[in-house]
Amino acid sequence: MIFQNLVKGAVVAAFLASSVGAVDNGLAITPQMGWDNWNSFGCDVSETLLLQTAQLIVDYGLKDLGYHYVILDDCWSVGRNASNNNSIIPDPKKFPNGMAAVADHLHSLGLGFGMYSDAGKYTCGGYAGSLGYETVDAKTFAEWGVDYLKYDNCYNMGQAGNQQISSARYEVMGNALNATGRPILYSLCNWGEDYPWNWGSTIANSWRISGDVYDSWDQPDSRCPCDGPDAWNCGLPGFHCSVTNIINKASFIVSKAQPGAWNDLDMLEVGNGAMTDAEYVAHFSMWAAAKSPLILGNDLRKVPAKDLAILSNAAVIAVNQDPAGSSAARRWMYSTTSSDVYGGNAIQMWSGSLQSTTGGTYSDMVVVLINGANESMVLNATLADIFIDNGASGTAPQVKMSWEVRDLWANRMSESEAQAIIDATSAAPNATNATTVGSGRYNATQTSYAQGLKNNDTLLLGNVTSTVGPSGTVTATVDSHGAAMFRLRALPTGMKRDEL
Ligand SMILES: *[C@@H]1O[C@H](CO)[C@@H](O)[C@H](O)[C@H]1NC(C)=O
Ligand SMILES: *[C@@H]1O[C@H](CO)[C@@H](O)[C@H](O)[C@H]1NC(C)=O
Ligand SMILES: *[C@@H]1O[C@H](CO)[C@@H](O)[C@H](O)[C@H]1NC(C)=O
Ligand SMILES: *[C@@H]1O[C@H](CO)[C@@H](O)[C@H](O)[C@H]1NC(C)=O
Ligand SMILES: *[C@@H]1O[C@H](CO)[C@@H](O)[C@H](O)[C@H]1NC(C)=O
Ligand SMILES: *[C@@H]1O[C@H](CO)[C@@H](O)[C@H](O)[C@H]1NC(C)=O
Ligand SMILES: *[C@@H]1O[C@H](CO)[C@@H](O)[C@H](O)[C@H]1NC(C)=O
Ligand SMILES: *[C@@H]1O[C@H](CO)[C@@H](O)[C@H](O)[C@H]1NC(C)=O
Ligand SMILES: *[C@@H]1O[C@H](CO)[C@@H](O)[C@H](O)[C@H]1NC(C)=O
Ligand SMILES: *[C@@H]1O[C@H](CO)[C@@H](O)[C@H](O)[C@H]1NC(C)=O
């Protein structure tokens with residue numbers, strides 16, 4: 001009885017959180033998905049790049065997996081127009097048809113248009129920033145048909161240093177976007193300065209939690225300080241942050257993620273070439289489990305087949321897009337060497353509740369086992385640790401039950417199938433041949449992830465690999481720098497409900 005009351009209390013709290021705590025624009029009810037040019041192109045932006053990439057997002061079936069926003073990052077403008085309310089002027093060489101034309105084209109493909117600006121005097125690339133010009137810029141973006149704003153933090157004129165100052169600066173743009181009347185997803189990007197996870201949800205749909213990611217699993221870099229147990233309190237966000245550095249920073253603030261408002265672990269590096277396949281699998285798994293926005297950061301014109309296969313894994317995306325909107329949490333982390341870099345060589349176990357697909361009282365659970373060691377290892381997650389939030393020291397009722405263990409990477413598209421999709425697209429550009437080749441894949445345009453989960457679609461649930469009995473252990477052999485990811489579903493043979 002006590003347990004059921006607790007569950008009801010949690011449900012009420014979650015409802016209040018999502019209806020009261022999150023910004024009220026109806027967007028990012030699940031973490032946003034899309035593509036941003038920055039990680040692979042930096043300032044080298046143009047209409048051609050955005051439209052070519054948009055077409056590939058369609059042809060490769062990525063749109064039908066949920067990747068929706070095509071986000072233009074920094075370096076697209078040439079200043080302000082004094083004879084037109086100081087409105088910002090797009091670079092006519094990079095965008096010869098103007099921004100509204102880009103928006104129209106993207107909308108005709110069923111995609112959304114993401115724009116970039118900066119809550120400072122200049123953008124990070126030294127172009128005009130929006131500080132002091134929030135109203136005119138928001139209005140201009142809305143007129144162009146923009147659906148998303150990534151809002152950076154360079155040259156902020158010292159308007160930072162505590163939560164009130166930073167939140168006030170970012171709130172001006174939030175209010176300006178709202179005042180346009182156009183729903184525009186607001187992606188706050190102040191790199192985790194002044195604890196945006198405490199105030200971001202009332203202003204924006206997501207907030208970055210760290211300095212910029214780079215294409216490395218665990219390389220320490222002095223320019224991205226703060227690792228280890230105090231990383232949540234990082235005075236200097238820096239940049240060149242490794243995947244393990246960012247996972248560590250996320251681990252402290254997972255409870256802040258909620259429908260409409262997400263911790264942003266930064267754009268994906270999958271496909272950019274400097275990590276191993278196992279590392280990219282672990283990177284994608286963790287971004288999904290921590291409910292980060294999933295924003296592709298690679299050059300889709302030359303995506304390796306194995307990376308397209310990672311980015312196309314609907315079973316992993318379904319965890320990210322789960323209707324319950326609750327981030328997994330780290331349950332333990334242990335060093336595997338004496339000369340350890342915190343997080344780098346460690347093994348970790350994360351778990352978190354997902355909406356039930358068994359129709360019962362008990363949530364499904366996602367379990368991620370991460371192996372930071374320099375060798376393949378057998379990792380073990382006990383039910384007692386997986387369900388520790390439901391009762392410490394193995395007292396959770398879930399520990400006394402049996403669970404189906406489903407491998408979320410078992411149905412990863414084969415490299416040859418991914419290659420066939422890429423080949424069909426290059427043979428017939430802008431046709432839909434490629435998506436025909438991949439016709440066995442999940443189509444979230446047709447059937448939402450929420451509905452697909454209700455239907456028990458195996459493309460989303462993964463393959464059953466084993467069952468784990470009462471007080472049992474989930475075990476997996478995990479590659480060096482890789483991850484295993486499972487969905488646990490309650491089996492009806494557990495304890496009777498009366499016993500609760
Ligand atoms: C603006 O904010 C109000 C109040 O929070 C909300 O009801 C409305 O949907 C918002 N509109 C847009 C376009 O974001
Ligand atoms: C395909 O679409 C892109 C973007 O709209 C365009 O630039 C390109 O010319 C098209 N290619 C062909 C062969 O139609
Ligand atoms: C500046 O605004 C004026 C008045 O709307 C317009 O005629 C002119 O074309 C604009 N200049 C640029 C470079 O956009
Ligand atoms: C510029 O100001 C004029 C007059 O106040 C207004 O009608 C117009 O909508 C403004 N344009 C923008 C882009 O804000
Ligand atoms: C999904 O699977 C669960 C557990 O096996 C079952 O109870 C439920 O009826 C299934 N739902 C559908 C729509 O098949
Ligand atoms: C990892 O292991 C390989 C051999 O298995 C070895 O060559 C390499 O030096 C090791 N790297 C580290 C960082 O220990
Ligand atoms: C997991 O359990 C197996 C079997 O008991 C054991 O061999 C292995 O060392 C364990 N892994 C770790 C990391 O403790
Ligand atoms: C997973 O199940 C599907 C069918 O449901 C099957 O085609 C596929 O081969 C299985 N994968 C593995 C790794 O067992
Ligand atoms: C693409 O599809 C069209 C019509 O659907 C077909 O005629 C053409 O042969 C296909 N091309 C390839 C390379 O599959
Ligand atoms: C996915 O579903 C949508 C809507 O039904 C459809 O237009 C699209 O062609 C489908 N995509 C694929 C790859 O079949």
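Heavy-atom basis, side chains included; hydrogens, waters and symmetry copies ignored. Start at 1 with the first residue, then count along the sequence. Start at 1 and go down the list; that is how both ligands and their atoms are numbered.
- Using cut-offs of 30° and 60° on the angle between ring planes, the pair Trp76 and Trp144 is perpendicular.
- The distance from ligand 3 to the heavy atoms of Ser83 drops below 4.0 Å at these ligand atoms: 1 (C), 2 (O), 3 (C), 4 (C).
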Please list, one pair per line, the donor and acceptor atoms closer than 3.5 Å that link side chains of residues 93-103 to other protein atoms, with sequence neighbours excluded.
| from | atom 1 | to | atom 2 | distance (Å) |
| --- | --- | --- | --- | --- |
| Lys94 | NZ | Cys75 | O | 2.7 |
| Asn97 | ND2 | Glu47 | OE1 | 3.1 |
| Asn97 | ND2 | Glu47 | OE2 | 3.1 |

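- Using cut-offs of 30° and 60° on the angle between ring planes, the pair Tyr148 and Tyr69 is tilted.
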For Leu131 and Asn156, what are the C-alpha separation, side-chain angles and deciding distance, and is it a side chain to side chain contact (heavy atoms under 4.5 Å, CB included)?
-> CA-CA 8 Å; Leu131 189 64; Asn156 62 29; 5.6 Å; no
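- Proximity to Asn84 (heavy-atom distance under 4.0 Å) selects the following atoms of ligand 3: 2 (O), 5 (O).
- Between Tyr151 and Tyr116, the distance separating the two ring centers is not shorter than 6.0 angstrom.
- Against a heavy-atom cut-off of under 4.0 Å, Val378 is close to the following atoms of ligand 7: 1 (C), 10 (C), 11 (N), 12 (C), 13 (C).
- In this structure, Arg406 fails the cation-pi test against Phe486, since its NZ or CZ atom is not both closer than 6.0 Å to the six-membered ring centre and inside 45 degrees of the ring normal.
- Asp118 meets the salt bridge (charged side-chain N to carboxylate O under 4.0 Å, His left out) test with no other residue; sequence neighbours excluded.
- Not a single N or O atom of Leu379, backbone or side chain, sits closer than 3.5 Å to an N or O atom of ligand 7.
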Which atom pairs, nitrogen or oxygen on both sides, join ligand 5 and the protein at under 3.5 angstrom?
| from | atom 1 | to | atom 2 | distance (Å) |
| --- | --- | --- | --- | --- |
| ligand 5 | 2 (O) | Asn456 | OD1 | 3.4 |
| ligand 5 | 2 (O) | Asn456 | ND2 | 2.3 |
| ligand 5 | 2 (O) | Arg489 | NH2 | 3.2 |
| ligand 5 | 11 (N) | Asn456 | ND2 | 2.8 |
| ligand 5 | 14 (O) | Asn456 | ND2 | 3.3 |

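- For ligand 7 and Met377, the ligand atoms under 4.0 Å from any heavy atom of the residue are 13 (C).
- Not counting sequence neighbours, Asp385 has no partner by the salt bridge (charged side-chain N to carboxylate O under 4.0 Å, His left out) test.
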